[in-house]
Amino acid sequence: MIEKTLAIIKPDAVGKNVIGDIVSRIEKAGFRILAMKLTRLSKEQAEAFYEIHRGKAFFEDLVKYMTSGNIVAMALEKENAIDDFRKLIGATDPAKAEEGTIRKLYGTNIEKNAIHGSDSMENGVREVLFFFSSGEIVQNS
Ligand code: CMP
């Protein structure tokens, strides 16, 4: 099934100047980029995006980190996008991620882990619409 996933290149990876390499890996893995933007989240936006984690020990630090610099948000589409993207980026903790995955290559630690991918089809659609309007994510080729 063709699925959508939201990718976020996080502030640590943007700071390492590896946006181009990460985008290239995503394209080479067969994902189509439907929409993409470099932006910076406000505290309110970061809290809303990570609402599901509110109350967890790492929530406040996560919001601080995600608002600490620019991010790149991308709406991606592919057959089996959710699982395939999670394989491409690797485990949440870069230390546990497989060799060759984006988090292994560029993640700093379990919080500053370089990149986000949606964890279900439902969240893929919800998260894409958090950053992009439905008119922006239409396939045009
Ligand atoms: P992400 O895939 O964006 O989803 C939630 C984020 O919370 C995760 O990546 C990490 O950035 C962060 N996170 C998850 N677990 C922990 C943890 N145990 N300690 C610190 N940060 C975490």
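One is the number of the first residue; the rest follow in order along the sequence. Numbering of ligands and ligand atoms starts at 1, following listing order.
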Before we go on, tell me: are the rings of Phe31 and Phe85 under 6.0 Å apart, centre to centre?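 Aromatic pair counts; centres sit under 6.0 Å.
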Below 30° counts as parallel, above 60° as perpendicular, anything between as tilted: where do the rings of Phe130 and Phe49 land? perpendicular
Using modelled atom types only, decide if a donor and an acceptor are shared between the side chain of Arg103 and the backbone of Gly90 within a distance under 3.5 Å. yes
Calculate, to the nearest 0.5 Å, the distance between atoms CG and OG1 belonging to Asp84 and Thr5 respectively.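 These two atoms lie 10.5 Å from each other.
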Can you tell me how far CG of Asn123 sits from CG of Leu6, rounded to the nearest 0.5 angstrom?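 Interatomic distance, Leu6 CG to Asn123 CG, rounded to 0.5 Å: 10.5 Å.
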Counting only heavy atoms from other residues, nucleotides and ligands, does the tally under 6.0 Å from CD of Glu60 exceed 12?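 Not buried by this count: 12 neighbours or fewer within 6.0 Å.
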Write out each pair where an N or O from ligand 1 and one from the protein are under 3.5 Å apart, with the distance.
unit_1	atom_1	unit_2	atom_2	d
ligand 1	2 (O)	Arg103	NH2	3.1
ligand 1	2 (O)	His116	ND1	3.3
ligand 1	3 (O)	Lys10	NZ	2.8
ligand 1	3 (O)	Tyr50	OH	2.7
ligand 1	3 (O)	His116	ND1	2.8
ligand 1	9 (O)	Lys10	NZ	2.9
ligand 1	9 (O)	Asn113	ND2	3.3
ligand 1	11 (O)	Lys10	NZ	3.0
ligand 1	11 (O)	Glu111	O	2.8

